[in-house]
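Worksheet for the structure shown next.
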Amino acid sequence: MFSLPLGDGARLAALEVWHAEEFAGHLDRARDHIRPWVGPAFVTDDMEGARATLARYAERQAGDGARLYGIWREDALVGGVMFTDFSAAAGSCEIGCWLEPSAQGHGLITRACGALLDWAFTVRGLHRAEWHCRADNHRSTAVAKRLGMTLEGVRREAWPYEGVRYDTQLWAVLADEWRTRGDEASGVALTQ
Ligand SMILES: CC(C)(COP(=O)(O)OP(=O)(O)OC[C@H]1O[C@@H](n2cnc3c(N)ncnc32)[C@H](O)[C@@H]1OP(=O)(O)O)[C@@H](O)C(=O)NCCC(=O)NCCS
């Protein structure tokens with residue numbers, strides 16, 4: 001019902017349990033593309049699994065924790081962004097994202113993450129936002145850079161995938177850094 005325009009005919013809105021069928025259909029288009037890079041629990045195979053993911057986020061949001069948002073382009077669900085962790089008490093959060101292949105390359109994720117960072121820092125007064133990714137996920141590290149994040153460290157061989165352990169990177173941006181940076185990722189804002 002409530003959505004935020006992202007430009008390019010796209011919008012950002014809450015992704016909720018009632019979207020389960022649409023989310024399952026989207027995962028059919030995105031599954032192979034996202035599987036190496038996102039947590040295995042997110043890559044479900046059927047409608048029941050898709051619904052379980054949405055229900056898990058809804059429960060965590062009810063406790064002021066994780067939150068999930070979808071990106072619709074020309075009325076098709078093409079990806080999304082989330083607070084994979086959100087702690088008002090600790091003043092910190094972690095942001096994640098995914099897209100189906102057809103939606104890559106338009107800046108949708110950079111703009112959507114900018115909206116989440118604006119909300120976390122401005123509306124909720126958080127101090128720090130993190131970004132965790134596989135070190136060889138170049139599209140993901142490019143988003144972190146566009147968001148003005150700093151590479152803070154590497155967790156060596158922390159990500160097991162198909163029998164190989166990959167390094168992961170921790171990127172982060174602080175509230176003051178976000179406020180004083182250029183406007184590349186801003187331009188949209190969640191106000192509530
Ligand atoms: C990570 C992922 C979401 C990044 O998607 P993306 O489309 O590259 O990122 P954005 O939506 O921010 O778009 C950036 C691209 O759009 C271009 N772009 C166009 N207009 C833009 C704008 N106004 N602002 C920023 N970028 C813009 C950029 O130049 C860049 O293009 P490039 O691909 O030629 O470098 C995507 O690759 C994905 O889903 N990967 C698999 C899952 C995954 O890795 N998730 C993250 C786990 S940590």
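The shown structure was predicted, so the numbers you read here are calculated from the model rather than taken from an experiment. Indexing begins at 1, ligand by ligand and atom by atom, following the structure's order.
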Close approach, [X] and ligand 1, non-hydrogen under 4.0 angstrom:
| X | result |
| --- | --- |
| His132 | yes |
| Gly96 | no |
| Ala142 | no |

Any nitrogen or oxygen of [X], main chain or side chain, under 3.5 Å from a nitrogen or oxygen of ligand 1?
| X | answer |
| --- | --- |
| Ala103 | no |
| Val143 | no |
| Gly107 | yes |
| Ile109 | yes |
| Trp131 | no |

Exercise for the section: Have a look at Gly39, Ala144, Gly105, Ser140 and point out the one with the heavy atom closest to atom 7 (O) of ligand 1. Expected result: Gly105
Exercise for the section: Look at atom 9 (O) of ligand 1 and find which of His106, Arg146, Arg139 reaches it with the closest heavy atom. Expected result: Arg146
Numbered atoms and elements of ligand 1 in range of [X], under 4.0 angstrom, heavy atoms:
| X | answer |
| --- | --- |
| Cys133 | 48 (S) |
| Trp98 | 39 (O) |
| Trp37 | 41 (C), 43 (C), 44 (O), 47 (C) |

Exercise for the section: Using a strict 4.0 Å threshold on nitrogen-to-oxygen distance, state whether Arg67 and Asp85 make a salt bridge. Expected result: no
Handout entry: Pair Glu152 + Arg128: basic N to acidic O under 4.0 Å
Key = yes
Handout entry: Sole candidate of His106, Arg11, Glu100 that passes side chain to side chain contact (heavy atoms under 4.5 Å, CB included) when paired with Arg73
Key = His106
Judged by atom type as modelled, is there a donor-acceptor pair below 3.5 Å linking the side chain of [X] to the main-chain atoms of [Y]?
| X | Y | answer |
| --- | --- | --- |
| Arg31 | Thr44 | yes |
| Arg29 | Leu77 | yes |
| Glu59 | Arg56 | no |
| Thr141 | His138 | yes |

Problem - Arg111 and ligand 1 - part of the residue with a heavy-atom distance under 4.0 Å - result: side chain
Fill in the blank from the handout: With heavy atoms and a 4.0 Å threshold, my read on which part of Glu100 contacts ligand 1 is neither
Practice task
Assess whether ring pair (Phe, Tyr, Trp, His ring centres under 6.0 Å) is satisfied between His19 and Trp72, documenting all intermediate values.
Solution key: CA-CA 12 Å; His19 294 115; Trp72 281 263; 5.1 Å; yes
Problem - Beyond-backbone contact of Arg60 with Phe86, side-chain heavy atoms, under 4.5 angstrom - result: no
Exercise for the section: Name the orientation class of the two ring planes belonging to Phe83 and Tyr69 (parallel below 30°, tilted from 30 to 60°, perpendicular beyond 60°). Expected result: perpendicular
